[in-house]
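To keep things clear, I will list the structure first and then write my remarks on it.
Side chains included, hydrogens not; waters and symmetry mates left out as well; all remaining heavy atoms used. Lettering of chains follows the sequences in order, A, B, ..., and the numbering in each one begins at 1.
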2 protein chains.
Amino acid sequence: MTTIYDVARVAEVSASTVSRVLNGHSSVDPDLAARVRQVVLDLDYRPNAVARSLRRQRTSLWAVIISDIGNPFFTSLVRGIEDVAQEAGFSVVLCNGDEDPEKETRYVTAALAERMAGVIISPSGRPALINRLTEAGMPVVAIDRQPHGVAVDTVLVDNVHGAETATAHLIDSGYRRIACVTGPRRISTAVQRLRGYQQALRAAGRSAPEDLVRYADFREDGGYRAMASLLNAAEPPDAVFVTNNLMTVGAVECLVDRGIAVPTRCGVVGFDDIPWAHLVRPSLSTVAQPTYDLGRAAASLLTERIANPAKASSTVTLRTTLRIRESSVRSLPDGQPAAGAGGPARAR
Amino acid sequence: MTTIYDVARVAEVSASTVSRVLNGHSSVDPDLAARVRQVVLDLDYRPNAVARSLRRQRTSLWAVIISDIGNPFFTSLVRGIEDVAQEAGFSVVLCNGDEDPEKETRYVTAALAERMAGVIISPSGRPALINRLTEAGMPVVAIDRQPHGVAVDTVLVDNVHGAETATAHLIDSGYRRIACVTGPRRISTAVQRLRGYQQALRAAGRSAPEDLVRYADFREDGGYRAMASLLNAAEPPDAVFVTNNLMTVGAVECLVDRGIAVPTRCGVVGFDDIPWAHLVRPSLSTVAQPTYDLGRAAASLLTERIANPAKASSTVTLRTTLRIRESSVRSLPDGQPAAGAGGPARAR
DNA sequence: CTGTTAGCGCGTTCAT
DNA sequence: ATGAACGCGCTAACAG
């Protein structure tokens, strides 16, 4: 492997000069610089990033620790992060936390050990992990989920408001026993979306009975089981608000398996879009998140934090959008079956 | 940040001893070792992986450069890789090549600069990239796609056979004008699956007319446009074999938009499963790949290659499985509409 | 079994 | 504007 000394020798300059040419921190005689650059090309010299990192005490790598690589919500997020990172001269490495605290811990450890430049994480619960990062002086941005009791830059959506809007829409559509399938109590997102659901019911003068609420794990199977449990109740719901995309898929599967027609016998609104939502029959009404922009916002916060480690931490909240499709509209005022945006004759 | 010297000083030993205790390469007096370990805990000492990598001239990171993080085919693959990597003591960083040669190049450069321990890549075409890696002595495994003219460990599925089976199934179902939507000519996977399609037609004594073949980009939009182009032909097909999952989704969308009933007026078989295939109506027949095992196989090859850089390169080929669902079965022998595995009353 | 010494490849002083 | 010297933190070679 060719080193900076090989380049220096062939170009007949010192290693310092080569370093200066490559990093442009100090001015170098143009002729020398040209000679160096030519030799770099000739020898196909590639600076050793490991040595550079050791010397500079920082790398140009960001760790993005997401909680489930299989969830399409995160893929768009990652694109947003990557685009900003590249502009700022960082490379992004993805770490699949997999909603598994142990895996997540391993990746946090790795990010620390590799002295990465920063971390963007959607924490699956434990505030201790975030603390380990911040205490080590690692620039951190939390995304999608609000860590408890830790001052850290955070990017969220208006979970309460989004859930409220979705639930209000179900009420307006004429559903009367509206259930909610939400995520683990330790995850802020699950709690906030449940709260929005409850507020909407109260605002409409309804009670928010606990027997219509289920706590699952944000996964497909969890959604399926929660829905099954709701349907087995003495008085089953006639609509359900599900607080993430994978659980929504599970809930719909359950309804299909039991032959319960959507939206006629049971209305459904999910949180997070799912890909190919338009291919699913009935097409699913969802609270859509600006995932790409969430990624961009997180990345921007991280670059700022890296540039200025002392600045006060901030929270950015982005707006959600209710996308009404078929699964939540029982009928139009004139009595015809609904065909909302994204309906059978969906526009491309 | 506490260093190995801090630990050495407090434990009243030399830095070498601390290193030996931590790495276990050489035996150390049990009492000393215990003392060192205690100090490590007390000080919360974390070895600097950057310094270690510089000194050892290798890291414990694998780069996994996948061609599209949004394609669920890869997510399961990644899990397989991660599981094996962890057993072997490596961490996996994911790089999203995004079917974009420029991005891919950047990540290959980064993997080289960071002196990563190895690379698993699904190359989006350019053999030059693989060459850059191997010439630099980087252990490499190609996955999903066969690089041209480069001797490198590779993990594939039996693309020709899988495509042949799928096409034969369409023939057996009574379709007569069977089209094929395949991927870019530069990607081996696209070529092989097309060849399987052609072989099946010839084996059935049919010609394989070029006007029923379309080359697209392995993405949803490409599949949509290819299908549209087929339907605009003078003699449109009555069935289509699509060589990857995202294009299959696009093709079905196109059929839905034009009101062409599947499988009645047009049969469809795709390659690669798609998630929630069971929620899509009609449910899609596909050639399923053992994605998790593909990942495991690639990771195993990489560990072997790292352990023995001189060994001859090998190719592992895994079998695919045809999953017949609704989209490819026009009717049962008795004339009733089909309800295959994964049909409306799908078993969980 | 342990400590001393050296050097991985760079970037950054400090002189000149 | 340039070069010499040093050290980032660690592990491997060598002595003892």
Side-chain angles (χ1 to χ4, degrees), chain A residues 1-37 39-40 43-61 89 109-117 136-137, chain B residues 1-37 39-40 43-61 89 109-117 136-137:
Chain A
M1 190 87 335
T2 77
T3 74
I4 202 170
Y5 284 99
D6 299 325
V7 176
R9 188 167 2 89
V10 174
E12 296 176 307
V13 295
S14 75
S16 320
T17 301
V18 178
S19 173
R20 282 193 271 257
V21 170
L22 263 38
N23 295 296
H25 286 312
S26 169
S27 70
V28 179
D29 181 278
D31 288 352
L32 273 193
R35 213 162 77 207
V36 168
R37 266 187 264 274
V39 174
V40 165
L43 299 185
D44 194 34
Y45 166 68
R46 316 242 168 215
N48 183 326
V50 177
R52 177 200 301 236
S53 299
L54 178 59
R55 175 62 236 230
R56 304 218 299 207
Q57 297 289 69
R58 62 202 158 86
T59 67
S60 55
L61 251 38
T109 304
L112 247 19
E114 300 287 345
R115 304 302 196 259
M116 299 211 179
Chain B
M1 190 89 331
T2 77
T3 76
I4 202 170
Y5 284 99
D6 298 325
V7 177
R9 187 167 4 88
V10 175
E12 297 176 307
V13 294
S14 76
S16 321
T17 300
V18 178
S19 173
R20 283 193 271 256
V21 170
L22 262 38
N23 295 294
H25 286 312
S26 169
S27 68
V28 178
D29 180 279
D31 288 353
L32 273 193
R35 212 162 77 207
V36 168
R37 267 187 262 274
V39 174
V40 164
L43 268 42
D44 193 33
Y45 165 68
R46 317 245 167 213
N48 182 327
V50 176
R52 176 200 302 234
S53 298
L54 178 59
R55 175 64 236 228
R56 304 219 297 207
Q57 297 289 67
R58 63 203 158 85
T59 66
S60 56
L61 250 38
T109 304
L112 246 19
E114 299 288 344
R115 304 301 195 262
M116 300 210 177

Provide the closest heavy-atom pair for [X] versus [Y] in the form atom of the first, atom of the second, distance.
| X | Y | value |
| --- | --- | --- |
| Ala15(A) | Ala8(A) | N-CB, 3.6 Å |
| Arg35(B) | Glu12(B) | NH2-O, 3.4 Å |
| Leu32(A) | Val28(A) | CB-CG1, 4.2 Å |
| Leu54(A) | Ala51(B) | CD1-CB, 3.7 Å |
| Arg115(A) | Arg46(B) | NH2-O, 3.7 Å |
| Tyr45(A) | Leu22(A) | CE2-CD2, 3.5 Å |

Q. Which ones in residues 49-61 of chain A lie close to DNA chain D, meaning a heavy atom under 4.0 Å from one of its atoms?
A. Leu54(A), Arg55(A), Gln57(A)

Q) Residues from residues 14-24 of chain B sitting under 4.0 Å of DNA chain D, heavy atoms only? A) Ser16(B), Ser19(B), Arg20(B), Asn23(B)

**Q.** Nearest-0.5 Å distance, CD1 of residue Ile4(B) to CG of residue Leu43(B)
**A.** 12.5 Å

(Q) I need the Arg20(B) CZ to Asp29(B) CG distance, nearest 0.5 Å. (A) 12.0 Å

Q: If a pair satisfies side chain to side chain donor-acceptor pair (under 3.5 Å) and one of its residues is in residues 50-61 of chain B, list it, with sequence neighbours excluded.
A: Asn23(B)-Arg52(B)

Q. Val40(A) pairs by side-chain contact (heavy atoms from CB on, under 4.5 Å) with which of Val21(A), Val7(A), Thr2(A)?
A. Val7(A)

Length of the line joining [X]:[atom1] and [N]:[atom2], which is rounded to integer Å:
| X | N | atom1 | atom2 | answer |
| --- | --- | --- | --- | --- |
| Asp6(A) | dC8(C) | CG | C1' | 14 Å |
| Arg115(B) | dG9(C) | CZ | C1' | 9 Å |
| Arg46(A) | dG9(C) | CZ | C1' | 17 Å |
| Asn48(B) | dC10(C) | CG | C1' | 14 Å |

Q: Kindly say if Tyr45(A) contacts the phosphate of dC10(C), meaning a side-chain N or O under 4.0 Å from OP1 or OP2.
A: yes

(Q) Any heavy-atom pair between the side chains of Val18(A) and Val13(A) that's under 4.5 Å? (A) yes

Q) With Ser14(A), which residues qualify under side-chain hydrogen bond (donor to acceptor under 3.5 Å, both in side chains), at least two apart? A) Thr17(A)

Q: Let me see the working for Glu114(B) and Leu61(A) under side-chain contact (heavy atoms from CB on, under 4.5 Å), right down to the final yes or no.
A: CA-CA 10 Å; Glu114(B) 299 288 344; Leu61(A) 251 38; 3.9 Å; yes

Q) Under a criterion of less than 4.0 angstrom to any heavy atom of chain A, what are the 5'-terminal and 3'-terminal contacting nucleotides of DNA chain D? A) dA1(D) to dG9(D)

(Q) When the axes are fitted on five pairs at both termini, how much does the helix from dC1(C)-dG16(D) to dT16(C)-dA1(D) curve, in 10° steps? (A) 40°

